[in-house]
Asker: 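Pasting a structure here, questions to come.
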Amino acid sequence: RYINNLLIEMHGKCGSVDRALEVFRSISRPNSFSWNILIAAYIQNNRLQEAERIFSRMPCKNVVSWNAMVTAYAHFGHMEQAAATFESMPEKDTTSYNAMLTALVESGYIARAEELFDKIPDRDPVSWSIMVAANAQAGYMLKALDLLESMPGQCVFAWNALLSGYTNHGKIEEAKKLFERMPQRDSVSWNTLMSAYAQLGRFHDAKSLFDRAPQRSLITWNIMINACAVSHRPHEARDVFDRMPRRD
RNA sequence: CCUUGUCU
């Protein structure tokens, strides 16, 4: 029953693995989703050892279970364990490769990530975005741009990754130019540039983007409030706060 | 109904 699976997930996200486990045990025949959600619950609550134990006891592991463990090892800083798990996978899909790419990038192994990227049988837009983001974060802007241009199709995530590469390296004017010539923009694009202005104390630039943004997420509002705080405008911060919709 | 990428 998938209602029970949702319950396991909910308890996991609320930080109560014990309740999640309780629900899991109450299911007469847990399917692979139930197992995977339970493992994810332990991982999200920083209980890697127990997640590992459940994984090893799982009767029919599927590719999602393996992918989750690769990602978990990476997030806990166990890169070599992630690599070993990845190597021993009975089958890999593109998400497996993408998870391993991210693991390598998180640990700073950009060259190894690049090697793996070249071996992916079916690269998807996520694979490309990971590589664009990796290079942009490392400050290899030309390489990132080159990847972006050789990527088939367009992907706003990849463009946003390049944009934040510029802002994170203090290249605000480059960022602005890129923003203006991006083939598509979403609220993350607007947020990225707005946040950069805010952090530089350029309140009016941030405000003008905020006013022109086609859609505002909760993050957009928070960035604007932060822009007010940084430039010592408590009253404007309060005004922005009061204008926030109840939920988005 | 579960796993991978960009903004806080």
Asker: Within residues 107-122 of chain A, find the residues that approach RNA chain B with a heavy atom at under 4.0 Å, and present them sorted by residue number.
Answerer: none

Asker: Could you tell me which residues satisfy side-chain hydrogen bond (donor to acceptor under 3.5 Å, both in side chains) with A:Gln137, sequence neighbours excluded, listed by chain and number?
Answerer: none

Asker: Restricting to pairs with a member in residues 210-234 of chain A, which pass ring pair (Phe, Tyr, Trp, His ring centres under 6.0 Å), not counting sequence neighbours?
Answerer: A:Phe210-A:Trp221

Asker: Which nucleotides of nucleotides 1-6 of chain B have their base under 4.0 Å from a protein heavy atom (B), which only their sugar-phosphate (S), and which neither (-), written as one string 5' to 3'?
Answerer: BBBBBB

Asker: Please give, in whole Å, the distance from B:C7 P to A:Gln199 CD?
Answerer: 12 Å

Asker: What's the CZ-P distance between A:Arg185 and B:C7, to the nearest Å?
Answerer: 18 Å

Asker: Can you get from A:Leu218 to A:Met224 by hopping between Ile, Leu, Val, Met, Phe, Trp and Tyr side chains that sit under 4.5 Å apart?
Answerer: yes

Asker: Can you list, by chain and residue number, the hydrophobic cluster partners of A:Leu142 when the side-chain cut-off is 4.5 Å?
Answerer: none

Asker: Among residues two or more places apart or on two chains, list those pairs meeting ring pair (Phe, Tyr, Trp, His ring centres under 6.0 Å) that have a residue in residues 174-195 of chain A.
Answerer: A:Phe179-A:Trp190

Asker: Not counting sequence neighbours, which residues clear side-chain hydrogen bond (donor to acceptor under 3.5 Å, both in side chains) with A:Arg53? List them please.
Answerer: none

Asker: Which residue pairs pass the side-chain hydrogen bond (donor to acceptor under 3.5 Å, both in side chains) test when at least one of the two sits in residues 149-159 of chain A, sequence neighbours left out?
Answerer: none

Asker: Going by the ring pair (Phe, Tyr, Trp, His ring centres under 6.0 Å) test, which pairs reach into residues 81-128 of chain A, not counting sequence neighbours?
Answerer: A:Phe86-A:Tyr97, A:Phe117-A:Trp128

